[in-house]
Structures are given as C-alpha cells and as structure tokens.
Novice: 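Below is the structure I would like to discuss, written out as structure tokens.
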Amino acid sequence: MLSAPLTAVAARADFRVCNGTQSLVGVAIGYRVEAGWATEGWWRIPATTCKSIIEGPLSSRYYYVYAEDADGRSRWAGPINLCIAENEFKITGREDCLKRGYQRMGFREYDTGEQASWMVQLTEAPRSESGNQ
C-alpha cells in the first residue's frame, strides 16, 4: 500500500515557474503546436511561491517564457518574439502581433531536453540575465 502514493508523486510532471522575488509576477508561456506557435498568459505568481503553468508530462522540448513583476520594475525576457495581450490570453501564431491587436514581446527559450517536467526560477536580478541578446 505504501508504494501507491510514492508512485503518484513520482509520476507528477509539469512545467513550473517559481517566483524567487518579493513581488507579484505575471508569467506568459509560448510553445510549438501543430498549427505553428501558441502563447498563453497570464499566470499570477505571488512572491516566493511556485505555480504549475503546464500540468502533466511536457509534450515539447522547447518552451518560451516572458515574465514581469506587478511593480513594472523587473522583466524576464529573451530574443524570441511572440505575441501577448494585456489581459488573459491564448494566441495562435507569432506573426503580425500588432496588426492582430496584440503586443510583441521577447521570450526566453528553455530547452527541457525532452524531460517530462521542468522548473524555471525567477530571481531578483533579471537584467543581467537578459543582457546578452
């Protein structure tokens, strides 16, 4: 009987984002789908907590993350341009963001190596991380 709960815990797989800052952070994620690209947001992650953005085993090798804090002081970005919206969104495609009424934002790529789960840690010093674009 003891092996059942251990199996359930070991089988858990997801894409988690942990907020290591003292501010509320909004997170958007991008990934490839059959039709091309998809982006989704916003997950609100309180200070010093983690949240599962994608639940279940990961289906892609590469995921793309953009995050910003509620105070507007910090952002975690990268060189991969994808579409986002101001409010909750799920967008297909990465072309013509502005023409379609969205904003274009740079996402950071994460290579999960085809693992079933992955965790991204957001820290207080995002500017130095995104400096080499």
Novice: Please check if F89 and I80 belong to a single hydrophobic cluster, counting links between Ile, Leu, Val, Met, Phe, Trp and Tyr side chain heavy atoms closer than 4.5 Å.
Specialist: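 In one cluster with F89: I80, yes.
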Novice: Applying side-chain hydrogen bond (donor to acceptor under 3.5 Å, both in side chains), which residue pairs with at least one partner in residues 92-102 are found, sequence neighbours left out?
Specialist: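 Non-adjacent pairs meeting side-chain hydrogen bond (donor to acceptor under 3.5 Å, both in side chains): zero.
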Novice: Measuring from atom CD of Q121 to atom OG1 of T21, what distance do you get when rounded to the nearest 0.5 angstrom?
Specialist: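 The OG1 atom of T21 is 9.5 Å from CD of Q121, to the nearest 0.5 Å.
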Novice: Same cluster or not: W76 versus V17, using hydrophobic residues (I, L, V, M, F, W, Y) connected whenever any side-chain heavy atoms lie under 4.5 Å apart?
Specialist: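 Hydrophobic grouping puts W76 with V17.
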Novice: Are L122 and M105 connected into the same hydrophobic cluster when the rule is that any two of I, L, V, M, F, W, Y join if their side-chain heavy atoms are below 4.5 Å apart?
Specialist: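 As far as the 4.5 Å side-chain criterion goes, L122 and M105 are not connected within one cluster.
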Novice: Examine the side chains of S23 and D71 and answer whether a donor and an acceptor come within less than 3.5 Å of each other.
Specialist: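 Looking only at side-chain atoms, D71 and S23 do form a donor-acceptor pair, the distance falling under 3.5 Å.
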Novice: Applying disulfide (SG to SG under 2.5 Å) as the test, list every pair that has at least one member in residues 27-59; sequence neighbours left out.
Specialist: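 Qualifying pairs, neighbours excluded: C18-C50.
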Novice: Only counting residues at least two apart or in another chain, list the ones meeting side-chain contact (heavy atoms from CB on, under 4.5 Å) with N87.
Specialist: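 Residues passing side-chain contact (heavy atoms from CB on, under 4.5 Å) with N87: none at all.
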Novice: Under the rule for side-chain contact (heavy atoms from CB on, under 4.5 Å), what residues qualify as partners of T49, not counting sequence neighbours?
Specialist: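 T49 satisfies side-chain contact (heavy atoms from CB on, under 4.5 Å) with I45, P46 once adjacent residues are dropped.
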Novice: Can you list every pair that meets side-chain hydrogen bond (donor to acceptor under 3.5 Å, both in side chains) and has a residue in residues 25-48, with sequence neighbours left out?
Specialist: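 For residues 25-48: Y31-E40.
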Novice: Would you name the heavy atoms of I84 and A28 that are closest together and state the gap between them?
Specialist: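 Scanning both residues, the minimum pair turns out to be CG2-CB, 4.4 Å.
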Novice: Would you mind reporting whether E86 and Q103 have side-chain heavy atoms less than 4.5 Å apart?
Specialist: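 In short, these two side chains touch, coming nearer than 4.5 Å.
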Novice: Do the side chains of V65 and L82 join up, straight or via other hydrophobic residues, at under 4.5 Å, putting them in one cluster?
Specialist: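 V65 does not cluster with L82.
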Novice: Closer than 3.5 angstrom, by distance alone: can the side chain of E124 be matched with the main-chain N or O of Q22 as a donor-acceptor pair?
Specialist: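 Judged by distance alone, yes, a pair lies under 3.5 Å.
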Novice: Mind listing the closest non-hydrogen atom pair of S117 and A13 along with its distance?
Specialist: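 Closest approach of S117 to A13, heavy atoms only: CB-CA, 3.8 Å.
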Novice: With rounding to the nearest 0.5 angstrom, report the CG to CG distance, L24 to N19.
Specialist: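 These two atoms lie 7.5 Å from each other.
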Novice: Linking I/L/V/M/F/W/Y whenever their side-chain heavy atoms sit closer than 4.5 Å, directly or via other members, would I91 and I29 fall into one cluster?
Specialist: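 They do not share one cluster, since no chain of ILVMFWY contacts under 4.5 Å joins I91 to I29.
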Novice: Quick check: does any side chain N or O of R104 sit under 3.5 Å from a backbone N or O of C97, one acting as donor and the other as acceptor?
Specialist: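 Judged by distance alone, no pair lies under 3.5 Å.
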Novice: Minimum heavy-atom separation for C83 to G93, with atom names?
Specialist: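 Closest approach of C83 to G93, heavy atoms only: SG-O, 3.9 Å.
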Novice: What's the shortest heavy-atom distance between V33 and A38, and which atoms?
Specialist: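 It is CG1-CB, 3.9 Å.
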Novice: Sorted by first residue and then second, give each side-chain hydrogen bond (donor to acceptor under 3.5 Å, both in side chains) pair with at least one member in residues 61-70; sequence neighbours left out.
Specialist: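 Every pair satisfying side-chain hydrogen bond (donor to acceptor under 3.5 Å, both in side chains) with a residue in residues 61-70: R61-D111, Y64-E109, Y66-E68, Y66-R75.
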